[in-house]
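Working notes, beginning with the structure itself.
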Amino acid sequence: MTGESCSTAVARQVFLVGVATVFSWAFLSIYIQLPGLYGANGIIPIQPRMAVEDDTSTWEDHFKKMPNLLWLHVPLGLHMDVMMDLVMLVGVFVATFAAVFHTWRNAFSFSVLWVCYYSIYSVGDTFLHFQWDILLLEVGFLAVLVAPLFPRRNQLNLSGACSFFMVEWLLFRLMFLSGIVKLTSECPTWWGLTAMDWHYESQCIPQPLAWYAHMLPHWFQALSVVGVLVIEIVFPFGFFLPFRSIRRVCAWSQVILMGFILVTGNYNFFNILTSLLAVSVLNDEDIQWLVPSWFFNYHCVAMKGEKGEEGEKSETGEKEKTKEEMRNTGKKTCNSSKSSHIETAMDFLALLAFLVFIVWILVEYFAMHVDVDKWTVETNITFSQKEYETFVTYSISASIALGVIVFIFYTLKTITVAAINKQVTIANLVSTVLHLGIIALLFSASCETMRWNDHNTTLQTLPHWDKIMNLEQQIRPYSISNTYGLFRRMTGVGGRPEVIIEGSYDKLSWQEYNFKYKPGNVSASPSINVPHQPRLDWQMWFAALGSIERNMWLQHLAIRLLEGSEDVLALLSPSQPYGFTTTPPKFIRIQRYTYHFTSKETSEKGDDEGAEFGLWWWRKQSGGGLYLIEIDLVNFADPISSVRRAVMGGKETSTPINTSKCNEGVLCSTIVSIRSMAKSVVNDMTFFVAITIGQIATGWMFAF
């Protein structure tokens with residue numbers, strides 16, 4: 001709010017560039033894994049579940065029931081595996097160009113990205129139902145509203161500020177809800193400030209730095225828990241305050257928190273995407289040091305219509321320079337808004353008051369004090385669960401009320417600017433009304449998802465709230481307004497559970513399958529795979545928390561390994577026990593282990609019965625033995641058929657690609673050729689390094 005007189009044109013471009021880049025990573029990550037996860041010989045084949053075999057219905061009928069680009073495989077005459085590749089490649093192509101060229105950063109491009117990602121998400125089942133997947137869908141939909149309608153710079157954008165506020169509102173909901181659920185879940189580790197004692201070891205795929213973070217003393221880990229709770233629950237309210245200094249502190253605190261998570265855990269693109277949302281809290285002056293001078297100078301002119309007459313000057317005078325002139329300038333040339341001494345003083349006093357308030361919270365509710373004798377900072381939660389429930393009820397109601405006030409402010413601002421701007425046309429008004437209508441619907445639905453997090457709320461009794469509930473139900477399948485709750489409960493307390501898959505030719509000698517990223521070999525260093533998400537490795541972590549009966553995909557994974565599926569083996573490490581890649585084992589079993597990071601104390605337990613020690617981990621078998629009995633393809637024919645039907649929509653087989661038929665079409669043969677080249681790259685991260693370097697290099701040379 002204060003500081004809105006400053007332009008956010010650059011901030012929006014940074015946001016759009018970031019969203020496009022994240023989309024390119026997400027599409028590429030899924031593309032690499034498609035054959036093994038969803039292909040005809042994959043773990044959960046999509047082709048049998050989306051086959052049009054009923055003579056009484058057409059693909060158009062199926063499309064109306066479940067809108068999805070994958071249904072187009074019928075009129076295009078493509079195999080489902082080829083169609084999935086096509087959708088992902090289109091996503092990679094459009095996202096990469098949108099990240100590099102400003103003419104591609106328009107509403108149509110981001111609509112294509114959203115539709116492509118939704119198409120694979122809606123049928124992705126267990127491997128694609130993560131909170132960052134729905135977050136990317138919601139962010140992608142907001143990018144459609146933030147982006148200009150047409151590929152022109154500085155075009156009239158009356159609803160720009162209002163749509164950008166929705167990004168800020170999303171960041172608030174994401175962080176605030178993720179904070180409050182940690183205590184509403186009644187998880188003893190969050191209430192006892194011991195969550196971080198287990199987090200680094202028990203998270204899905206730790207990074208090497210997680211080992212060192214795990215060794216930090218308990219008082220520091222407890223202090224970290226307090227920091228997380230305050231940053232996620234208290235600081236987001238600073239987004240709404242009309243003081244730039246407070247908004248900066250609150251925004252950068254979220255970025256710093258995401259940075260710590262990024263360097264200790266492999267959470268794909270999530271931390272980067274969340275940090276990107278913080279741009280919406282800032283303006284061009286706040287982020288000018290982050291971007292090259294030529295990029296800043298090219299986009300710093302406020303979009304027409306946002307600031308009245310300044311928008312009218314955007315295509316004349318010195319502000320319209322050539323790319324070379326802007327690149328050679330070497331400094332930011334746009335005029336920044338000047339604050340009076342009184343405004344500066346008020347801003348400083350407001351920040352000081354805010355920091356004092358934070359210190360008061362730490363002392364009053366977390367009993368924070370310095371133990372001089374031990375040189376430690378001691379903390380302890382002093383409020384009760386009942387008191388916290390009361391706080392949640394009031395804070396959710398207050399946050400919705402604040403959101404409504406700010407939303408009305410931006411809406412009135414948009415209407416006012418539209419009324420006084422002389423360049424407004426009928427088309428501009430229609431576009432603005434449409435944007436504001438969509439934004440109002442999304443905001444209303446998001447208030448309903450906020451309400452879900454308070455069991456004592458009475459908001460649903462307000463007049464016409466039932467209409468908001470119905471609206472949310474209508475748009476829920478499209479994941480454009482979601483509720484969030486990251487790290488709700490701390491798992492792996494007492495050691496991280498892991499399932500290890502083993503194969504054998506004679507049921508006497510068993511050898512482990514090696515995965516690319518998840519812990520297995522106790523002497524192997526934790527991996528780094530950001531921004532890639534190895535979907536199978538992640539799901540193996542969740543499988544270890546459950547049972548084999550509730551994870552049919554895991555049973556089918558064992559079957560695929562018995563069959564020696566090359567596509568599934570490509571999801572695993574290329575380094576496998578001798579013979580497994582050429583001659584599949586005859587028997588498969590899965591065992592459960594408990595893993596711990598090694599330390600000086602545990603290294604002295606080398607004589608523990610059944611324990612295995614390595615450089616990074618030590619483990620011990622748990623769960624009373626076998627997690628899955630030894631199975632083979634011959635003696636388990638009936639159970640295997642049941643598993644196939646469960647994961648293939650009632651069918652037992654999936655039809656592979658007809659290569660000879662595919663070669664007859666240019667589109668099909670081209671897509672298959674690209675897939676063949678992709679399979680030749682053994683290391684997944686090679687793709688991401690190449691794409692990222694290409695984006696940076698091309699963007700620096702040509703992009704705006």
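Computed from a predicted structure; not experimentally measured. The figures that follow rest on heavy atoms only: side chains count, while hydrogens, waters and symmetry mates do not.
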Exercise for review: Working to the nearest 0.5 Å, report the span between CE of M88 and CD of Q33.
Suggested key: 12.0 Å
Exercise for review: Could you grab the distance from atom CG of L571 to atom CD1 of I43, nearest 0.5 Å is fine?
Suggested key: 5.5 Å
Exercise for review: Answer yes if the side chains of T483 and T449 hold a donor-acceptor pair under 3.5 Å, and no otherwise.
Suggested key: no
Point to revise | Given I500, L536, N266, the one that forms side-chain contact (heavy atoms from CB on, under 4.5 Å) with K518 | key: I500
Review point. Less than 4.5 Å apart, any side-chain heavy atom of P45 and any of Y38?
Key: no
Review point. Quick one: do the Q533 and W132 side chains pair a donor with an acceptor below 3.5 Å?
Key: yes
**Study point:** Non-hydrogen atoms of I657 and C662 that approach each other most closely
**Key:** CG2-CB, 4.4 Å
Practice item. Would you confirm whether the ring centroid of F110 sits within less than 6.0 angstrom of the ring centroid of W104? Key: no
Point to revise | Criterion side-chain contact (heavy atoms from CB on, under 4.5 Å) on F580 and N514, from CA distance to verdict | key: CA-CA 11 Å; F580 278 12; N514 299 314; over 6 Å; no
Check your understanding: Given side chains that start at C-beta, do those of H596 and W617 come closer than 4.5 Å, heavy atoms only?
Key -> no
Check your understanding: Which class fits the ring pair F101 and F97: parallel under 30°, tilted 30 to 60°, perpendicular over 60°?
Key -> tilted
Practice item. Compare all side-chain heavy atoms of R49 with those of K651 and state whether any distance is below 4.5 angstrom. Key: no
Check your understanding: For P208 and S525, which heavy atoms make the closest approach, and how far apart are they?
Key -> CG-OG, 4.0 Å
Exercise for review: For side-chain hydrogen bond (donor to acceptor under 3.5 Å, both in side chains), just list the numbers for Y484 and E138, CA-CA rounded to whole Å, side-chain angles, deciding distance to a tenth of an Å, and then say yes or no.
Suggested key: CA-CA 12 Å; Y484 300 94; E138 185 166 356; 2.6 Å; yes
Review point. Is K586 positioned over the aromatic face of Y505, cation under 6.0 angstrom from the ring centre and no more than 45 degrees off axis?
Key: no
**Study point:** R589 (side chain) donor-acceptor with G503 (main chain) under 3.5 angstrom
**Key:** no
Revision key, fill the gap. Between L262 and Q207 the two heavy atoms that sit nearest each other are O-NE2, 2.8 Å
Check your understanding: Got a sec: does the CD of Q473 have more than 12 other heavy atoms crowding it under 6.0 Å?
Key -> yes
Point to revise | Neighbour count >12 (heavy atoms, 6.0 Å) for atom CD, Q474 | key: no
Practice item. Verify whether one side chain among N68 and S122 offers a donor that lies under 3.5 Å from an acceptor in the other. Key: yes
Check your understanding: Any side-chain heavy-atom pair from L170 and L135 closer than 4.5 angstrom?
Key -> yes
Review point. Of V123, L557, L37, T126, which is the lone residue that meets side-chain contact (heavy atoms from CB on, under 4.5 Å) with I44?
Key: T126
Check your understanding: More than 12 foreign heavy atoms under 6.0 Å from CG of D506: is that the case here?
Key -> yes
Practice item. Classify the ring geometry between H532 and Y517 as parallel (under 30°), tilted (30 to 60°) or perpendicular (over 60°). Key: perpendicular
Point to revise | Which atom of A99 lies closest to which atom of T21, heavy atoms considered | key: CB-OG1, 3.5 Å
Check your understanding: Would you say T598 and L615 make side-chain contact, with heavy atoms under 4.5 Å?
Key -> no
Check your understanding: Is the charged tip of R619 near the ring of Y593: under 6.0 Å from the six-membered ring centre and within 45° of its axis?
Key -> yes
Review point. So how far is it from I559 CD1 to I640 CD1, rounded to the nearest 0.5 Å?
Key: 4.5 Å
Exercise for review: Could you pull out the closest heavy-atom pair between S185 and K182, with the gap in Å?
Suggested key: OG-O, 3.1 Å
**Study point:** Close side-chain approach of V17 to V100, heavy-atom, < 4.5 Å
**Key:** no
Check your understanding: Going by heavy atoms in the side chains, are D81 and L34 under 4.5 Å from each other?
Key -> no
Point to revise | Donor-acceptor pair, side chain of S119 and main chain of L70, under 3.5 angstrom | key: no
Revision key, fill the gap. Taken to the nearest 0.5 Å, the spacing of L277 CG from I272 CD1 works out to 12.5 Å
Exercise for review: Identify whether the distance between the nearest side-chain nitrogen and carboxylate oxygen of D567 and R560 falls below 4.0 Å.
Suggested key: no
Point to revise | N/O donor-acceptor pair under 3.5 Å between T274 side chain and N271 backbone | key: no
Check your understanding: In Å and rounded to the nearest 0.5 Å, what is the CG to CZ distance from L28 to F23?
Key -> 14.5 Å
Point to revise | Flag, side chain of H214 to backbone of Y200, donor-acceptor distance under 3.5 Å | key: no
Review point. Would the W114 and Y118 ring centres measure less than 6.0 Å apart?
Key: yes
Check your understanding: Can you check whether A570's main-chain N or O pairs, donor with acceptor, with K516's side chain at less than 3.5 Å?
Key -> yes
Practice item. Can you label the angle between the W618 ring and the F613 ring as parallel, tilted or perpendicular, going by 30° and 60°? Key: parallel
Point to revise | Side-chain heavy atoms of L72 within contact of W59, under 4.5 Å | key: yes
Review point. Distance only, no hydrogens: is a donor on one side chain within 3.5 Å (strictly under) of an acceptor on the other, for D61 and T58?
Key: yes
Check your understanding: Going by atom types only, do Q511 and E502 share a side-chain donor-acceptor pair under 3.5 Å?
Key -> no
Check your understanding: Does any N or O in the side chain of Q131 come within less than 3.5 Å of the main-chain N or O of G485, such that one atom is a donor and the other an acceptor?
Key -> yes
Exercise for review: Any chance you could lay out the side-chain contact (heavy atoms from CB on, under 4.5 Å) test for I30 and R535, step after step, and finish with the verdict?
Suggested key: CA-CA 8 Å; I30 297 174; R535 303 276 173 170; 4.2 Å; yes
Check your understanding: Where do E652 and R644 land on the salt bridge (charged side-chain N to carboxylate O under 4.0 Å, His left out) test, with the steps shown first?
Key -> CA-CA 5 Å; E652 294 188 29; R644 292 191 194 279; 5.9 Å; no
Review point. Looking at CZ of F63 and CE of M66, how far apart are the two atoms once the value is rounded to the nearest 0.5 Å?
Key: 10.0 Å
Revision key, fill the gap. In terms of heavy-atom contacts, E201 and F597 come closest through OE2-N, 2.7 Å
Check your understanding: Looking at Y31, does the NZ or CZ of R675 lie under 6.0 angstrom from its six-membered ring centre and within 45 degrees of the ring axis?
Key -> yes
Check your understanding: Would you call the rings of Y267 and H199 parallel, tilted or perpendicular if under 30° counts as parallel and over 60° as perpendicular?
Key -> parallel
**Study point:** Verdict with reasoning, L137 to Y478, per side-chain contact (heavy atoms from CB on, under 4.5 Å)
**Key:** CA-CA 8 Å; L137 283 172; Y478 304 102; over 6 Å; no
**Study point:** Chi angles and distances behind the side-chain contact (heavy atoms from CB on, under 4.5 Å) call for W541, R496
**Key:** CA-CA 9 Å; W541 182 83; R496 64 174 295 131; 3.1 Å; yes
Review point. If only atom types and distance count, is the side chain of S479 paired as donor or acceptor with the main-chain N or O of I134 below 3.5 Å?
Key: no
Check your understanding: So, does S202 use its side chain to make a donor-acceptor pair with the main chain of W198 at under 3.5 Å?
Key -> yes
Exercise for review: For S573 and F515, indicate whether the former's side chain and the latter's backbone hold a donor-acceptor pair under 3.5 Å.
Suggested key: no
Check your understanding: Within the distance-only criterion (no hydrogens, no angle test), does the side chain of S676 pair as donor or acceptor with the backbone N or O of V672 below 3.5 angstrom?
Key -> yes
